[in-house]
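Each remark here refers to the structure printed beneath this line.
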Amino acid sequence: AKELWLARVRSDGEALQYASDALKQDEEVIKASWMARVCKNGKNVYDASDLLKNDADILFAAFKQMDCEPPVKESMTAKELWLAQVRSYGGSLEWASNCMKEDKDVVLAAVQKHGLALKFAHEALKKDKDVVLAAVRSDCHLVISHAASTLQEDSDVWIAAVQTDVWISKGTVHETFGRETWSIRTYPYVNETMWYDKDFVLFMVNKCGMNLKWAADGMKEDKDV
């Protein structure tokens with residue numbers, strides 16, 4: 001009976017739903033069913049179990065259809081396949097297995113392609129400054145809302161955001177005497193605590209002296225600022 005069902009699910013992965021409870025729990029039958037599904041449409045892998053999302057055979061069959069650049073190879077491990085996938089489609093981290101969402105190499109590759117993929121990283125990596133900075137530098141200030149709360153008040157993170165996203169605070173960049181300067185009108189996005197942070201205030205004032213008016217009173221009185 002098992003051989004008959006293997007033949008059936010290899011031609012129609014969806015047929016597994018009609019098999020007996022015992023066959024639905026059989027790893028060989030399950031894998032054959034999902035192999036058929038991902039060969040039909042690579043994106044079906046996103047609906048697979050965590051176990052199958054770590055199966056190199058399944059992943060290769062799925063990702064080879066998705067035009068990864070560089071192309072995936074059959075000899076790749078599950079991690080190498082996910083690295084290739086997120087380097088091409090950073091947002092696909094959303095559907096990665098839990099262990100890949102906990103892998104710093106995979107998450108870094110994903111956020112370097114698409115910063116907002118930080119949303120799907122394991123909580124521990126949302127506390128990792130390297131990962132958060134990479135995400136902010138590849139996208140915009142909106143990424144910061146997905147970082148750990150401690151990094152949402154980190155001057156390096158906000159400075160990276162300002163450098164990356166000119167419109168971080170609805171600011172305008174204009175040319176003055178051939179030098180790029182920043183004239184910021186309002187700050188609805190920057191964390192208010194940043195205006196009490198000397199490093200951040202110094203950065204913003206160096207960008208445009210008029211930004212001093214947004215600084216906290218204590219910063220306005222600081223001789224370095």
Side-chain angles (χ1 to χ4, degrees), residues 46 68-69 79 82-175 179-216 219 222 224-225:
Y46 296 153
C68 294
E69 190 56 46
K79 178 176 176 176
W82 273 110
L83 279 169
Q85 175 70 359
V86 299
R87 282 170 180 154
S88 296
Y89 308 100
S92 62
L93 182 66
E94 178 178 0
W95 297 285
S97 64
N98 289 330
C99 72
M100 294 302 166
K101 291 178 180 179
E102 296 173 1
D103 188 291
K104 185 171 179 177
D105 295 334
V106 174
V107 173
L108 266 175
V111 300
Q112 286 168 348
K113 182 67 176 180
H114 180 54
L116 288 169
L118 180 66
K119 176 180 179 180
F120 309 113
H122 187 272
E123 291 303 314
L125 290 175
K126 293 179 181 180
K127 299 176 184 178
D128 188 301
K129 192 167 179 176
D130 293 337
V131 171
V132 173
L133 283 172
V136 169
R137 287 169 178 154
S138 76
D139 219 311
C140 64
H141 63 278
L142 296 176
V143 169
I144 298 176
S145 66
H146 300 301
S149 58
T150 53
L151 290 178
Q152 291 183 22
E153 298 182 1
D154 186 283
S155 60
D156 292 333
V157 171
W158 276 104
I159 288 171
V162 172
Q163 290 173 319
T164 301
D165 188 355
V166 168
W167 302 102
I168 181 85
S169 301
K170 292 187 177 178
T172 55
V173 173
H174 58 89
E175 294 295 324
R179 180 167 58 90
E180 184 181 71
T181 59
W182 289 38
S183 174
I184 309 297
R185 295 193 297 273
T186 55
Y187 291 88
Y189 302 122
V190 172
N191 190 315
E192 186 178 350
T193 61
M194 288 296 95
W195 295 110
Y196 293 84
D197 186 288
K198 186 172 179 176
D199 290 336
F200 179 78
V201 172
L202 278 171
F203 173 82
M204 294 304 292
V205 169
N206 284 332
K207 277 290 186 182
C208 179
M210 291 186 294
N211 288 333
L212 181 62
K213 70 178 181 178
W214 301 103
M219 289 294 101
D222 189 298
D224 294 330
V225 174

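One-based numbering along the sequence shown.
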Between [X] and [Y], what is the shortest heavy-atom contact and its length?
| X | Y | value |
| --- | --- | --- |
| Val201 | Ala215 | CG1-CB, 3.8 Å |
| Trp82 | Met100 | CD1-CG, 3.6 Å |
| Ala160 | Val136 | C-CG1, 3.7 Å |

Once the angle between the rings of Trp95 and Tyr46 is folded into 0 to 90°, is it parallel (under 30°), tilted (30 to 60°) or perpendicular (over 60°)?
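Ring orientation of Trp95 relative to Tyr46: parallel.
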
Does anything in residues 142-155 form a salt bridge (charged side-chain N to carboxylate O under 4.0 Å, His left out)? List the pairs, not counting sequence neighbours.
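Matches after skipping sequence neighbours: Lys129-Asp154.
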
State whether the number of non-hydrogen atoms from other residues, nucleotides or ligands found under 6.0 Å of Lys113 atom NZ is greater than 12.
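Count not over threshold, so no.
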
Flag the pair Val157 / Gln152 as yes when at least one side-chain heavy-atom distance between them is below 4.5 Å, and no otherwise.
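Not in contact.
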
Would a 4.5 Å heavy-atom cut-off, applied to side chains only, mark His114 and Asp139 as touching?
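Yes, at least one pair of side-chain atoms sits under 4.5 Å.
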
The criterion is side chain to side chain contact (heavy atoms under 4.5 Å, CB included); which residues satisfy it with Ser138, sequence neighbours excluded?
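None.
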
Listed partners of Tyr89 passing side chain to side chain contact (heavy atoms under 4.5 Å, CB included), at least two apart:
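Only Met66, Asp67, Gln85, Ser92 meet the side chain to side chain contact (heavy atoms under 4.5 Å, CB included) criterion with Tyr89.
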
Set of residues satisfying salt bridge (Lys or Arg N to Asp or Glu O under 4.0 Å) with respect to Lys127, sequence neighbours excluded:
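Result, salt bridge (Lys or Arg N to Asp or Glu O under 4.0 Å) vs Lys127: none returned.
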
Residues which pass salt bridge (Lys or Arg N to Asp or Glu O under 4.0 Å) with Asp130, listed by chain and number, not counting sequence neighbours:
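Per chain and number, Asp130 pairs via salt bridge (Lys or Arg N to Asp or Glu O under 4.0 Å) with Lys104.
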
Quick one: side-chain hydrogen bond (donor to acceptor under 3.5 Å, both in side chains) partners of Thr193, sequence neighbours excluded?
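Partners of Thr193 under the side-chain hydrogen bond (donor to acceptor under 3.5 Å, both in side chains) test: Asn191.
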
Out of curiosity, [X] [atom1] to [Y] [atom2], how far, rounded to the nearest 0.5 Å?
| X | Y | atom1 | atom2 | result |
| --- | --- | --- | --- | --- |
| Leu93 | Asp103 | CG | CG | 10.0 Å |
| Glu102 | Glu123 | CD | CD | 11.0 Å |
| Leu108 | Arg87 | CG | CZ | 10.0 Å |
| His122 | Cys99 | NE2 | SG | 11.0 Å |
| Leu202 | Ile159 | CG | CD1 | 8.5 Å |

Begin from the C-alpha positions of Lys126 and Leu118 and carry the test side chain to side chain contact (heavy atoms under 4.5 Å, CB included) through to its verdict.
CA-CA 7 Å; Lys126 293 179 181 180; Leu118 180 66; 4.2 Å; yes

Okay, side chain of Lys101, backbone of Glu94: is any donor-acceptor separation there less than 3.5 Å?
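Pair found, side chain donor or acceptor close to backbone of Glu94.
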
Donor-acceptor pair, side chain of Ser155 and main chain of Phe200, under 3.5 angstrom
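Side chain of Ser155 to backbone of Phe200, a donor-acceptor pair under 3.5 Å: no, none is there.
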
